[in-house]
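Encoded as structure tokens, the structure appears first; notes follow it.
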Amino acid sequence: MLQRPRGTRDFLPDEMEQRREVENTLRKIARTWGYREVCTPHFEELELFTLRSGQGIIEEMYVFEDKGGRKLALRPEVTAPVLRMYVNVGKTLQKPVRWFYFADCFRYERPQKGRFRQFWQFGVELIGADSPLAEAEVIMLAHRLLSATGIGFAIHVGHLGFMKALLQDLSPEDQKKVRVFLDKKNLEGLLSYLSSHGLSGLGEKLIALVSSRTIDEVFSITGDMPESGRIRELFALLDQAKIPYTLDPGIARGLDYYTGMVFEVFAENLGAENQVAGGGAYRLAHLFGGEDSPSCGFAIGFDRVMVARGEIPCRKETKVGVAHTPDARKWAITVAKAFRDAGILTEMDLSGKGLGQQLAHISRTADYALIVARREEENSVVTVKDLRTGNQKELPLPLAIAEVSGGDACR
RNA sequence: GCCAGGGUGGGGUAGUUGGUUAUCCUAGGGGACUGUGGAUCCCCCGACCCGGGUUCGAGUCUCGGCCCUGGCCCCA
């Protein structure tokens with residue numbers, strides 16, 4: 001038997017309906033904030049992704065050559081494609097541009113809880129706005145979206161400026177090493193690295209920095225910096241908006257292209273892969289040949305959100321099944337059409353068996369049975385049987401539809 | 001790429017020191033039953049992840065691979 005490729009999933013209707021419900025909730029909210037949905041190709045030129053993230057990511061991507069010899073890659077994320085699109089068409093757009101996307105991405109990684117080779121991201125990009133309010137807006141929107149999914153989560157907000165201020169005299173390699181130690185909260189490793197590189201003086205300051213939880217503490221360690229005012233304003237805005245967050249100056253991982261504010265969101269009930277969203281302020285447009293545009297955005301790991309939500313029973317729509325006899329087939333089709341036109345989920349019996357067996361099947365799969373046979377056809381009525389109570393009545397079509405519309409689904 | 005634990009019908013399971021036709025539940029299909037139900041009864045369908053080795057004989061032991069689950073690494 002053929003298996004699906006490693007790290008991919010099939011979704012049965014129950015799960016698909018839940019995913020669509022959450023997706024559409026996210027879309028709706030993003031729209032009310034003025035963001036509009038965009039879509040980019042599943043594959044792009046390989047260079048688009050290596051420009052952003054370096055050659056190292058080739059190993060982590062699905063890379064292939066097409067019949068024309070072009071080097072392509074399945075998108076591992078969507079920020080770069082969206083910014084590429086912005087550069088391609090954005091000149092004429094009014095700034096700022098508010099876009100969102102819901103897209104599947106592909107990474108060649110080892111699957112584990114909440115991590116798949118094909119996964120979905122819901123993301124937001126705010127391009128061409130350079131202000132603390134813009135940065136606050138994306139965090140506020142992330143908070144709003146994640147709240148709507150019903151999961152428990154914690155937002156950590158940081159700023160690359162803090163660490164930059166302390167590390168500015170170090171070589172780029174040392175900076176990177178130090179950031180990795182800090183991000184992993186490996187303080188012993190950090191101290192021994194620093195002392196073996198003649199940098200012991202930094203250790204105390206760095207540890208104090210990453211354990212700071214207020215902006216005053218942070219600035220007392222880093223001293224004043226050019227962005228101080230702006231950073232204070234950002235956090236003041238979050239406080240005013242009553243966004244629950246933790247100031248986390250230790251966020252340092254990855255992404256050299258982030259320019260200032262960075263944030264990460266962690267969910268409860270997930271294993272090692274518990275980050276459900278991440279983002280920050282960045283500049284990418286100039287990399288793809290556009291004008292330098294300050295931007296910020298984030299992506300939500302949709303699959304992890306769904307895992308974190310756990311099993312939530314799906315509410316089902318009222319469903320009717322149409323049992324009919326061959327001599328009344330024409331009327332049965334008319335009846336079914338009328339119910340469907342009224343927006344009611346309607347299934348025709350396809351088996352041609354006796355009414356008893358048709359009802360046996362319908363009673364397992366629907367809330368109401370419509371019985372349509374010669375008698376109903378002759379009188380232009382339909383027998384509506386409520387399968388929960390067993391009550392049935394013969395009604396003309398409009399009344400029959402009203403009867404079913406008024407009921408609640410039981411399954 | 002690394003580590004640990006797993007893999008028996010669609011789902012869930014039993015299978016003793018290696019021994020006949022691999023257990024049970026459930027789901028699915030058909031029938032009893034062509035003007036009224038989910039019950040009941042009967043029938044059917046359907047599995048040892050793949051490949052090599054040991055053995056008279058492998059679901060069971062062994063080696064390799066694949067896949068799953070969790071963790072490490074990475075995480076754009």
Side-chain angles (χ1 to χ4, degrees), chain A residues 1-10 12 44 46 48-61 73-83 105-117 119 121 123 180 183-184 251-258 262 264 270-280 282 284 287 297-299 301 304 307 321-328 332 349 351-378 382-394 410-411:
Chain A
M1 262 239 281
L2 290 174
Q3 303 295 322
R4 45 171 213 275
R6 178 155 203 202
T8 63
R9 289 154 298 156
D10 296 318
L12 288 165
E44 296 270 1
L46 172 61
L48 175 64
F49 302 111
T50 54
L51 269 178
R52 180 198 186 190
S53 309
Q55 296 294 314
I57 60 157
I58 291 179
E59 278 182 60
E60 311 285 315
M61 286 195 293
L74 298 184
R75 61 181 173 213
E77 45 96 13
V78 194
T79 299
V82 165
L83 267 288
C105 304
F106 303 84
R107 294 183 190 177
Y108 195 85
E109 293 183 299
R110 177 80 199 231
Q112 51 186 279
K113 189 179 178 83
R115 174 192 274 190
F116 307 96
R117 288 184 170 180
F119 60 97
Q121 286 193 336
V180 170
D183 190 67
K184 296 214 162 65
I251 298 178
R253 122 164 59 177
L255 295 201
D256 297 326
Y257 66 81
Y258 280 127
V262 286
E264 297 180 336
L270 284 173
E273 301 291 329
N274 66 341
Q275 190 182 333
V276 287
Y282 62 86
L284 275 178
L287 273 183
F298 63 88
R304 290 184 187 174
V307 172
V322 183
H324 55 95
T325 53
D327 51 358
D349 177 86
S351 72
K353 292 179 196 164
L355 283 179
Q357 286 184 72
Q358 292 187 45
L359 280 164
H361 181 257
I362 291 167
S363 66
R364 280 195 299 264
T365 56
D367 307 292
Y368 291 89
L370 305 182
I371 297 156
V372 185
R374 185 193 293 272
R375 195 168 73 225
E376 283 82 2
E377 177 156 36
E378 280 167 357
V382 56
T383 298
V384 179
K385 186 177 186 88
D386 184 329
L387 293 164
R388 294 160 298 182
T389 62
N391 299 332
Q392 68 181 55
K393 0 183 168 173
E394 284 188 23
C410 70
R411 310 171 175 272

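Naming: A, B, ... by sequence-line order, numbering from 1 per chain. This one's a predicted model, so the numbers in the text were calculated from it and none came from an experiment.
- Under a cutoff of 6.0 Å and an axis angle of 45°, Arg117(A) and Tyr108(A) form a cation-pi pair.
- The separation of A32(B) from G46(B), taken at their C1' atoms, amounts to 24 Å, rounded to a whole angstrom.
- Using atom C1' as the reference point in both G59(B) and G19(B), the two lie 13 Å apart (nearest Å).
- Comparing A76(B), G38(B), U36(B) by their nearest atom to the side chain of Leu359(A) picks out U36(B).
- Checking G1(B) for Watson-Crick or G-U wobble geometry (two distances, each under 3.5 Å) identifies C72(B) as its partner.
- The NZ-P distance, from Lys393(A) to G35(B), rounds to 25 Å in whole Å.
- Nucleotides of RNA chain B nearest to Phe106(A) and Ala373(A) differ in position, and the one nearer the 5' end is that of Ala373(A).
- C3(B) sits 42 Å from C45(B) when the C1' atoms are compared, rounded to a whole Å.
- Between Glu377(A) and Asp327(A), the closest heavy-atom pair is OE1-O, 3.1 Å.
- Here G35(B) is the nucleotide among U36(B), G35(B), A76(B) with the atom lying nearest to any side-chain atom of Arg374(A).
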Below 3.5 Å is the cut-off: list the nitrogen or oxygen pairs between protein and nucleotides 29-33 of chain B, distance only.
| from | atom 1 | to | atom 2 | distance (Å) |
| --- | --- | --- | --- | --- |
| G30(B) | OP1 | Lys353(A) | NZ | 3.3 |
| C33(B) | O2' | Gln357(A) | NE2 | 3.0 |

Give every pair of a protein N or O atom and an N or O atom of nucleotides 68-73 of chain B that lie under 3.5 Å apart, one pair per line with the distance.
| from | atom 1 | to | atom 2 | distance (Å) |
| --- | --- | --- | --- | --- |
| C68(B) | OP1 | Gly7(A) | N | 3.3 |
| C68(B) | OP2 | Arg6(A) | NE | 2.6 |
| U69(B) | O4 | Arg110(A) | NH2 | 3.2 |
| G70(B) | OP2 | Lys113(A) | N | 2.9 |
| G71(B) | OP1 | Ala272(A) | N | 2.4 |
| C73(B) | N4 | Gln112(A) | NE2 | 3.2 |
| C73(B) | N4 | Arg115(A) | NH1 | 3.2 |

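- Of the P atoms belonging to G15(B) and C73(B), the separation is 38 Å, rounded to the nearest Å.
- Taking the nucleotide of RNA chain B with the nearest heavy atom to each of Phe49(A) and Arg375(A), the more 5' of the two is matched to Arg375(A).
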